[in-house]
2 protein chains.
Amino acid sequence: MDYPQPLVTVDAVLLTLRDGCLQVALHRRPAEPFRDRLALPGGVVHVDQDASVEAAILRVLLDKTGFRPRYIEQLGVFSGPDRDPRSWSVSIAFVALVPEAALTEATEGIFHFHSVDALPALAFDHGTIVAAAVQRLRNKTRYSTLPTQLLPQRFTLSQLQATYEAIVGHPLNKAAFRRKIEEEGVVVATDAYTQGGAHRPAQLYEARPVELFDRTIA
Amino acid sequence: MDYPQPLVTVDAVLLTLRDGCLQVALHRRPAEPFRDRLALPGGVVHVDQDASVEAAILRVLLDKTGFRPRYIEQLGVFSGPDRDPRSWSVSIAFVALVPEAALTEATEGIFHFHSVDALPALAFDHGTIVAAAVQRLRNKTRYSTLPTQLLPQRFTLSQLQATYEAIVGHPLNKAAFRRKIEEEGVVVATDAYTQGGAHRPAQLYEARPVELFDRTIA
DNA sequence: ATAATAGTGTCTATGAGACAGTATGCG
DNA sequence: CGCATACTGTCTCATAGACACTATTAT
């Protein structure tokens, strides 16, 4: 039982929709290794504080940003002797989807946002981790209702469609999209409508609530 | 960087098809904790030997069973202070799909096989891990070609269909199944046929090869 | 009225399931 | 020849996309 153990860390890919494209929240590392490079928010698992790796990533996000995501799931484990120059390390990566407003309010000045399609070189193997997160989201978007988590509490069906389109990268058919959303019970209609703008107001919808940590692992 | 670190282990859910139903390979623990309880094959990550957690699980399987699976993927991380009475621990779980013949030859006398739908109480949280593995396989079976990995090198389309049916738990339409398999390019026809039996021989097919570690994470 | 976006009715093409038919080996 | 299983042709129904049409607000 007394082998040297790897360093166990947790990292989060916080995805949000800004300016109509999918962006990831990164911070600039203040210290070595990879000083001044952009990196995912993350930290070390504390066995004396954390009840699980899920609890650890929530603690890290809360400490760093005062912010708790509405949806987060395990992405995968990234490991090896060389990814962190300090030690053989294991990173347990998570993906979280966050509405833009919530994220930018809570993390003013902490995060830099970059479109996931045009990332600079990141610290560690964080570029690989972001790529895996985006691939996961794109795949799941085909058959799940995750993208609702990127929108504020109330949204219109046009906004929801634009969100799906930003993720999958191509336009969707309006009638078909609405039929599908309707029949899947993804969203709940409210009796509120948008106002303002020289056009017909749109009905507002809410996402059906989901589990914070989904174990429906594809 | 000198926090106490969790114990990092790797465990594998080896799934195979026996007697027409999905079964998992388990061994009886020879020592405490959970002595004499059935458990998943697994072991501790050795930072001086292993290049990654993937390398670690392959080493463990090779050492325990002399056997290397044709397909294996990360399932998820199971963690906490109580799942192993010795220490706060992290188990990185994998799912592997294995043809029955390969598995039983290599592991004669090492493993006990149990249908995944009628498991006894397992060591640690291994019951939870098996359930997650089965759920993952059932989900992926809907839109991927994984079940080919449960069959021997060459197989008939009827065998493949029976495999899918055993996994998803309900009968499939023959014509539709063949159309789909055909057009997806899942399998490659050989010019060999079965023989024996008082009926028309069936053409033999082979699975298109897949990556050992798939990162196509749903 | 016009512009602009919301929302719907309907035609069509594509794919899945049902089912019955044909094919071909062995005894 | 007849049985058992392999394989296929075709009908039907459900679903997805295309697209045009109506609806409703502010200016």
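So that the names make sense, note that chain A is the first sequence line, chain B the second, and so on, each numbered from 1.
Ranked by how close their nearest DNA chain C nucleotide is to the 5' end, R179(A) and R200(A) are led by R200(A). Toward the 5' end of DNA chain D, the nearer of the two residues Y205(B) and A176(A), judged by each one's closest nucleotide, is Y205(B). Along DNA chain D, the nucleotide closest to P201(A) and the one closest to A175(B) are compared, and the more 5′ of them pairs with A175(B).
If you check the side chains of T145(B) and R208(B), you find no donor sitting under 3.5 Å from an acceptor. Of the N and O atoms on the side chains of Q195(B) and Y193(B), not one donor lies less than 3.5 Å from an acceptor on the other residue. With hydrogens and angles left out, the side-chain atoms of E54(B) and Q74(B) include a donor and acceptor closer than 3.5 Å.
Atoms CD1 (I181(A)) and P (dA16(D)) sit 12 Å apart, rounded to a whole Å. Atoms CG (L160(A)) and C1' (dG7(C)) sit 15 Å apart, rounded to a whole Å. Y164(A) has its OH atom 13 Å from the P atom of dG17(D), to the nearest Å. In this structure, F155(A) places its CZ atom 17 Å from C1' of dG7(C), rounding to the nearest Å. In this entry the distance linking CD of E183(B) with P of dG15(C) reads 7 Å, nearest Å. Remark: P of dG17(D) and CD of E165(A) are 12 Å apart, rounded to the nearest angstrom. Rounded to whole angstrom, the span from the CG atom of L172(A) across to the P atom of dT15(D) amounts to 19 Å. Between the CG atom of L157(B) and the P atom of dT5(D) there is a distance of 16 Å, given to the nearest Å.
At a cut-off of 3.5 angstrom, counting only N and O atoms as typed in the model, there is a donor on one side and an acceptor on the other between the side-chain of K174(A) and the base of dG7(C). No hydrogens or angles were tested; on distance alone, nothing pairs the side chain of N173(A) with the base of dA16(D) as donor and acceptor under 3.5 Å.
Using a 4.0 Å heavy-atom criterion, one finds that Q195(A) contacts no nucleic acid atom at all. When heavy atoms are screened at a 4.0 angstrom cut-off, G197(A) is found touching the sugar-phosphate backbone but no base atom.
Residue S158(B) places its side chain closer to dA6(D) than to any other of dA6(D), dT5(C), dG17(C). With distances taken from any side-chain atom of H199(A) to the nucleotides dA16(C), dA16(D), dT25(D), the minimum falls on dT25(D).
With a 6.0 Å radius and a threshold of 12 heavy atoms from other residues, nucleotides or ligands, R138(B) has its CZ atom above the threshold.
For Y164(A) against T141(A), the heavy-atom pair with the smallest separation is CD2-CG2, 3.3 Å.
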